[in-house]
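Worksheet: one structure, shown below.
Computed from a predicted model, the values in this text were never measured in an experiment.
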Amino acid sequence: MAVPRELGTDCCIVGGGPAGLMLGYLLARAGVSVIVLEKHADFLRDFRGDTVHPSTMVVMHELGLLERFLARPHDRVDALAVCVGGTTIRLADFRHLAVAAPYIALMPQWDFLDFLAGEARGLDDFRLLMEVEATGLIEEEGEVTGVAATSREGPIEIRAALVVGADGRRSTVRDRSGLEVRDLGAPMDVLWLRLPRRGGDPDIPLGFVEPGRMFVMIARGDYFQCGYIVAKGADAPLRAAGLEAFRASVAGIVPTMADRMASIESWDEVKTLTVTVDRLTRWARPGLLCIGDAAHAMSPVGGVGINLAIQDAVATANLLAGPLRRGRPRLADLAAVQRRRDPPTRITQALQVVIQKRVIRATLEARRPLHAPWPLLAFNRFPALRRIPARLVGLGIRPEHVRVPGLTGVTG
């Protein structure tokens with residue numbers, strides 16, 4: 001058996017997603033040595049969330065990164081709308097947000113991660129190890145002191161004053177931690193696919209709601225990123241019915257796309273997102289902290305998961321950069337992160353669960369024609385109402401600002 005290669009750092013972050021890379025960047029910029037582990041060879045994985053909300057761009061602005069970030073190809077979304085029973089309702093208008101970028105930027109997540117990694121690699125205290133997969137936690141006397149991992153060269157042990165699990169909803173760190181998970185349930189899954197986009201097509205995200213079916217379209221350059229929302233467990237029967245039946249069902253929801261169904265050539269182009277909504281009862285134990293989806297898997301409702309993960313990273317850096325520079329953070333230091341981020345997480349998940357149960361489940365179980373209820377129609381009659389969901393979706397509950405002790409060059 002090969003002898004593990006040993007590395008040492010102040011903070012070992014497992015997972016090179018939005019939360020992991022943002023936290024690594026912030027801590028390294030504050031003078032904390034960081035190693036980030038990413039099990040893949042690159043960031044090129046499709047069907048991830050691509051919505052960068054105003055709250056995340058506020059952080060970019062405070063770090064002086066926003067102009068370079070927005071120089072990358074992206075689409076801009078100023079408003080959100082939904083079509084219920086043939087009636088289009090404009091639900092949110094982000095243009096009224098008093099921030100540097102009052103809109104949602106649609107950018108493939110690999111571009112977003114590549115940008116963060118590129119900025120972080122210029123810092124002396126940052127190290128990103130690609131194709132290195134965490135396999136377990138190193139523990140001494142009941143405390144986490146590092147990560148056991150594998151690479152193409154063999155096993156690695158990374159000793160760290162703090163291990164952060166930022167490796168998503170299927171987190172290895174969370175599984176190995178022994179921390180308790182509370183499952184809040186989700187009545188649906190989402191089938192992701194693409195459809196060609198042509199001149200004259202709408203350029204704002206549209207949700208289509210029909211009895212028993214829901215469909216979301218997000219304009220992305222020359223294609224639409226689409227989500228077909230189905231009841232939990234309905235994926236297998238739908239696929240068993242055949243691709244032609246699936247094409248007909250999509251065309252039935254969005255008739256204007258009927259002539260583009262041939263672009264769905266095989267089931268390989270239809271990816272299933274198994275929706276999970278859960279959270280840890282405790283995010284930390286001595287030497288270990290979980291953030292982002294590893295701490296709280298979010299529903300796709302509102303597309304806020306990435307942005308909550310970024311908020312977790314900012315709060316973590318704000319609270320732990322100082323303790324990490326002094327040595328090993330206490331459990332009380334780690335618990336402060338949960339105290340800060342747990343309330344917005346709970347509120348956001350509660351809103352998502354209500355929408356899942358009262359809107360999505362009711363729609364998926366409906367068998368009669370649907371009509372837009374009067375509360376939704378009010379958004380068309382009174383445009384000022386659109387500012388409320390814009391604020392909740394765009395900035396969220398308790399948005400974070402960069403206040404990392406000792407971090408220089410911050411504008412906020």
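For R169, the side-chain hydrogen bond (donor to acceptor under 3.5 Å, both in side chains) test picks out D293, with sequence neighbours left out. Shown here are the salt bridge (charged side-chain N to carboxylate O under 4.0 Å, His left out) partners of E139, two or more places apart in sequence or in another chain: R285. In terms of the side-chain hydrogen bond (donor to acceptor under 3.5 Å, both in side chains) criterion, T348 has no residue partners (sequence neighbours excluded). Checked against salt bridge (charged side-chain N to carboxylate O under 4.0 Å, His left out), R346 has the following partners two or more places apart in sequence or in another chain: D342. Residues meeting the side chain to side chain contact (heavy atoms under 4.5 Å, CB included) test with E180, sequence neighbours left out: T281. The salt bridge (charged side-chain N to carboxylate O under 4.0 Å, His left out) check on R341 picks up D312, E400, with sequence neighbours excluded. Here R176 pairs with nothing under the salt bridge (charged side-chain N to carboxylate O under 4.0 Å, His left out) rule; sequence neighbours left out. For V216, the side chain to side chain contact (heavy atoms under 4.5 Å, CB included) partners at least two apart in sequence or on another chain are I218, I229.
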Please report, to 0.1 Å, the donor-acceptor pairs under 3.5 Å made by any side chain of residues 256-264, with sequence neighbours excluded.
from, atom 1, to, atom 2, distance (Å)
D259, OD2, R198, NH1, 2.7
R260, NH1, P196, O, 2.8
R260, NH1, D201, OD2, 2.7
R260, NH2, D201, OD1, 3.1
R260, NH2, D201, OD2, 3.4
S263, OG, R260, O, 2.6

Compile the donor-acceptor pairs under 3.5 Å between side chains in residues 65-75 and protein atoms, sequence neighbours left out, one pair per line.
from, atom 1, to, atom 2, distance (Å)
R68, NE, E119, OE2, 3.0
R68, NH2, E119, OE1, 3.0
R72, NH1, D111, O, 3.3
R72, NH1, D114, OD2, 3.1
R72, NH2, D114, OD2, 3.2
H74, ND1, L70, O, 3.3
H74, ND1, R72, O, 2.8
D75, OD2, G221, N, 3.0

Please table the atom pairs, donor to acceptor, closer than 3.5 Å between any side-chain atom in residues 9-16 and protein atoms at least two apart or in another chain.
from, atom 1, to, atom 2, distance (Å)
T9, OG1, S33, O, 3.0
T9, OG1, S33, OG, 3.3
T9, OG1, V34, N, 3.4
D10, OD2, S33, N, 3.0
D10, OD2, S33, OG, 3.0

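The neighbour count for R90 CZ, taken as heavy atoms of other residues, nucleotides or ligands under 6.0 Å away, does not exceed 12. More than 12 non-hydrogen atoms from other residues, nucleotides or ligands lie less than 6.0 angstrom from NZ of K232. Within 6.0 Å of the CZ atom in R398, the count of heavy atoms belonging to other residues, nucleotides or ligands exceeds 12.
Side-chain contact check for H40 and E131: no donor-acceptor pair (N or O, by modelled atom type) lies under 3.5 Å. The closest side-chain donor-acceptor pair between T274 and D189, if any, does not fall under 3.5 angstrom. Side-chain contact annotation: R239 with T272, donor-acceptor N/O pair under 3.5 Å present.
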Step-by-step side-chain contact (heavy atoms from CB on, under 4.5 Å) determination, T56 to F112: CA-CA 11 Å; T56 295; F112 177 58; 4.2 Å; yes
Pair T88-V82, side-chain contact (heavy atoms from CB on, under 4.5 Å): steps then yes or no: CA-CA 6 Å; T88 297; V82 63; over 6 Å; no
Candidate pair Q349 and R279, rule side-chain hydrogen bond (donor to acceptor under 3.5 Å, both in side chains), full reasoning: CA-CA 9 Å; Q349 287 184 325; R279 63 173 175 264; 2.8 Å; yes
Evaluation steps, side-chain contact (heavy atoms from CB on, under 4.5 Å), between L23 and V164: CA-CA 9 Å; L23 177 60; V164 176; 3.8 Å; yes
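Taking NE2 from H96 and CD1 from I388, the interatomic distance works out to 12.0 Å, rounded to the nearest 0.5 Å. Summarising the geometry, atom CD1 belonging to I156 is positioned 3.5 Å from atom OG belonging to S151; distances are rounded to the nearest 0.5 Å. Once rounded to the nearest 0.5 Å, the distance linking CG of L376 with NE2 of H371 reads 14.0 Å. Atom SG in C290 sits 7.5 Å away from atom CZ in R174 (nearest 0.5 Å). In this structure, CG on L7 lies 6.5 Å from CG on L129, to the nearest 0.5 angstrom. Distance check: M130 CE to L37 CG gives 11.0 Å after rounding to the nearest 0.5 Å.
Within the 4.5 Å cutoff, side-chain heavy atoms of L385 are placed close to those of F379. At least one side-chain heavy atom of F94 sits less than 4.5 Å from a side-chain heavy atom of L80. Annotation: side chain of V147 is not in contact with side chain of E157 (no heavy-atom distance under 4.5 Å). Side-chain contact between P300 and V275 is present, with at least one heavy-atom pair separated by less than 4.5 Å. The side-chain heavy atoms of I397 and L392, taken from C-beta on, include a pair separated by under 4.5 Å.
Ion pairing between R247 and E244 holds under the 4.0 Å rule for side-chain N and carboxylate O. Ion pairing between a basic and an acidic side chain is recognised when a charged N comes within 4.0 Å of a carboxylate O; D235 and K271 show no such pairing. Salt bridge annotation for R197-D222: absent, with no cationic side-chain nitrogen under 4.0 angstrom from a carboxylate oxygen. A salt bridge is defined here as a Lys NZ or Arg NE, NH1 or NH2 lying under 4.0 Å from an Asp or Glu carboxylate O, and E140 with R159 meets this definition.
Checked options E210, M214, R358, R213; the residue passing with T363 is M214 (criterion: side chain to side chain contact (heavy atoms under 4.5 Å, CB included)).
The two residues V277 and A186 have their closest heavy-atom pair at CG2-CB, 4.3 Å. Shortest non-hydrogen contact noted between G212 and R367 is CA-NH1, 4.1 Å. In terms of heavy atoms, L113 sits closest to L21 at O-CD1, 3.5 Å. In plain terms, the two heavy atoms of L162 and L320 that are nearest each other are CD2-CD1, 3.8 Å. Between I104 and P54 the shortest heavy-atom distance is CG1-CD, 4.2 Å. Residues R368 and P211 approach most closely at O-CG, 3.0 Å, considering heavy atoms.
For the pair R76 and Y103, the cation sits on the ring face: its NZ or CZ lies under 6.0 Å from the ring centre, inside 45° of the axis. With Y223 as the aromatic partner, R194 meets the cation-pi criteria of under 6.0 angstrom to the ring centre and within 45 degrees of the ring axis.
The ring-ring contact (aromatic ring centres under 6.0 Å, His included) contacts involving residues 253-293 comprise F246-W267, W283-H296, where partners must be two or more places apart or lie in separate chains.
A donor-acceptor pair under 3.5 Å links the side-chain atoms of R282 to the main chain of A284, judged by distance alone.
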